[in-house]
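Encoded as structure tokens, the structure appears first; notes follow it.
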There are 2 protein chains.
Amino acid sequence: MSMTTLWERSRQVAVQAILDTAVRLFAEQGYEQTTIAQIAREAGISQRSLFRYFGTKEDLVCGDQEALGELLKRTVEQQPAEMSAWDALRAGFEVILTANHPPERALELSRLIFDTPSLHARYIEKRLHWQAELVPVIRARLGNGPSGAVPETQSKAIVATVFACIDTATELWAGHDGRIDLADLYDQCLAAVRGHD
Amino acid sequence: MSMTTLWERSRQVAVQAILDTAVRLFAEQGYEQTTIAQIAREAGISQRSLFRYFGTKEDLVCGDQEALGELLKRTVEQQPAEMSAWDALRAGFEVILTANHPPERALELSRLIFDTPSLHARYIEKRLHWQAELVPVIRARLGNGPSGAVPETQSKAIVATVFACIDTATELWAGHDGRIDLADLYDQCLAAVRGHD
DNA sequence: CGCCTACTTGGCATTAACTGCCAGGAAGTC
DNA sequence: GACTTCCTGGCAGTTAATGCCAAGTAGGCG
């Protein structure tokens with residue numbers, strides 16, 4: 001399985017080292033107060049190479065969202081056809097949860113994101129990208145829902161709401177230091193919105 | 001009423017001139033391609049002063065959101081106490097709509113925001129700010145809602161969902177060049193999520 | 001009107017996030 | 001061992017943004 005060229009292997013090592021340094025410094029002094037120069041220095045890499053690994057400073061925190069988006073989309077697609085849009089999205093969310101970082105790291109990152117306005121905004125913006133990719137998947141499943149409305153509007157609204165609830169649940173979860181189950185919080189959010197289920 | 005010192009009057013004029021120049025240039029060459037230096041030059045002002053009027057480049061596009069957020073909060077607060085949280089938020093949204101720019105300008109700005117990632121992020125950031133300020137207002141109104149859940153979670157989820165629907169409706173509205181009524185789109189989004197009403 | 005204070009303006013220097021370019025070195029191929 | 005390919009680091013340059021200071025202008029007062 002390690003049929004990787006040495007280049008790729010050492011790249012993984014470098015990426016991990018940079019990421020560890022960055023997250024540590026962000027936690028210690030805050031995101032805005034930490035400069036790229038400092039991260040590069042402490043990670044033992046040139047500033048120029050750091051920008052080759054991570055195109056922007058924000059990617060140091062919310063860079064791997066890309067892969068998670070793909071996983072989410074595939075999971076939702078593969079849910080049985082008779083499942084409602086809401087349940088299919090909920091199943092996808094569940095898979096993301098288990099596939100995510102070790103919970104301690106995820107908690108640290110979540111706190112950083114929710115405490116730093118510019119990061120939070122960037123994070124949501126990246127998420128909007130998967131959101132757009134999920135809309136057609138949900139539209140294909142809308143036979144079960146109420147007819148008479150424009151399916152484009154319906155599916156966009158449903159996906160946006162689900163992500164709003166995921167976001168809210170994650171924020172509450174980070175605020176409680178991870179002591180409350182994230183999936184439970186998500187269900188509470190959705191119940192508050194939809195009033196049943 | 002024009003009991004304003006000449007300083008404030010000429011400031012209003014300058015702000016408007018800068019804003020007009022900026023929006024025109026953004027529309028002509030795109031947001032990223034337009035530099036602060038160019039805007040300042042064409043508006044006949046120094047770069048330094050431009051940054052005193054608008055703290056950031058993004059504020060040139062979504063700067064007056066601050067005032068709208070205040071208006072939104074006050075409007076929601078002043079709705080009759082027996083009105084549900086959903087209806088109070090809907091009333092606030094309606095007021096924002098009428099208090100907004102002339103529709104042509106609003107459409108242009110919306111498209112610019114949705115098409116420019118960094119702008120979109122900044123817009124989301126400002127929205128998150130109002131969101132946080134609205135949560136206590138909504139929590140105070142939750143006596144009408146289903147009891148048994150944590151009100152903090154409930155109110156956060158409701159506010160987040162409403163904004164998700166506002167965002168979705170606005171995106172659809174901009175995509176249809178403003179030909180569909182924004183309030184109607186919002187109602188459709190909320191109906192798709194809540195299933196009745 | 002002349003003076004003083006309050007506030008604004010513009011220029012200069014500086015920082016931080018990026019980007020392009022180019023030389024040099026290590027990894028993989030034959 | 002030569003050759004190609006790819007990565008790395010340094011250097012210069014751009015852009016947004018901030019602090020500082022000197023110069024100018026509005027407004028109030030004698």
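Per chain, numbering begins at 1; letters A, B, ... match sequence-line order. Below, each value reflects all heavy atoms present in this structure, side chains not excepted, and no hydrogens, waters or symmetry copies.
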Inset, instruction - Tell me, please, which residues at least two apart from A:Glu133 pass salt bridge (Lys or Arg N to Asp or Glu O under 4.0 Å). - result: none
Legend entry - Residues which pass salt bridge (Lys or Arg N to Asp or Glu O under 4.0 Å) with A:Glu66, listed by chain and number, not counting sequence neighbours: none
Inset, instruction - With sequence neighbours excluded, tell me which residues meet salt bridge (Lys or Arg N to Asp or Glu O under 4.0 Å) with B:Arg111. - result: B:Asp177
Legend entry - Whole-Å distance separating the CD1 atom of B:Ile45 from the P atom of C:dT9: 7 Å
Legend entry - Straight-line distance of B:Lys73 NZ to B:Trp130 CH2, nearest 0.5 Å: 13.5 Å
Show me the side-chain donor-acceptor pairs of residues 54-63 of chain B shorter than 3.5 Å, one per line, residues at least two apart or across chains.
residue	atom	partner	partner atom	Å
B:Thr56	OG1	B:Glu58	N	3.4
B:Thr56	OG1	B:Asp59	N	3.2
B:Lys57	NZ	B:Tyr31	O	3.1
B:Lys57	NZ	B:Thr34	O	2.8
B:Asp59	OD1	B:Lys126	NZ	3.2

Legend entry - With A:Glu125 via salt bridge (Lys or Arg N to Asp or Glu O under 4.0 Å) - residues at least two apart: A:Arg122
Legend entry - All side-chain hydrogen bond (donor to acceptor under 3.5 Å, both in side chains) counterparts of B:Ser118, not counting sequence neighbours: none
Legend entry - Interatomic distance where CD belongs to A:Gln38 and P belongs to C:dT15 [whole Å]: 15 Å
Legend entry - Residues that A:Trp86 engages under ring pair (Phe, Tyr, Trp, His ring centres under 6.0 Å), provided they are two or more places apart: none
Legend entry - Value in whole Å for how far the P atom of C:dG28 lies from CD of A:Glu8: 10 Å
Legend entry - Positions of residues 14-25 of chain B (non-hydrogen atom under 4.0 Å from DNA chain C), listed by number: none
Inset, instruction - Sugar-phosphate atoms are those with a prime plus P, OP1 and OP2; base atoms are the rest. Using that split, label each nucleotide of nucleotides 14-26 of chain D B, S or - for protein heavy atoms under 4.0 Å, 5' to 3'. - result: -SSBBBB----BB
Legend entry - Residues in contact with DNA chain D, drawn from residues 114-126 of chain A - heavy-atom cutoff 4.0 Å: none
Legend entry - Aromatic ring pairing B:Phe93/B:Tyr186, orientation class (parallel under 30°, perpendicular over 60°, tilted between): tilted
Legend entry - ring pair (Phe, Tyr, Trp, His ring centres under 6.0 Å) partners for B:Tyr123, two or more places apart: none
Inset, instruction - Would you please confirm or rule out a distance under 4.0 Å between OP1 or OP2 of D:dC7 and any side-chain N or O of A:Tyr53? - result: no
Legend entry - Any A:Ser49 side-chain nitrogen or oxygen under 4.0 Å from OP1 or OP2 of D:dT8: no
Legend entry - Selection residues 98-109 of chain A - residue pairs positive for salt bridge (charged side-chain N to carboxylate O under 4.0 Å, His left out), sequence neighbours left out: A:Asp20-A:Arg105
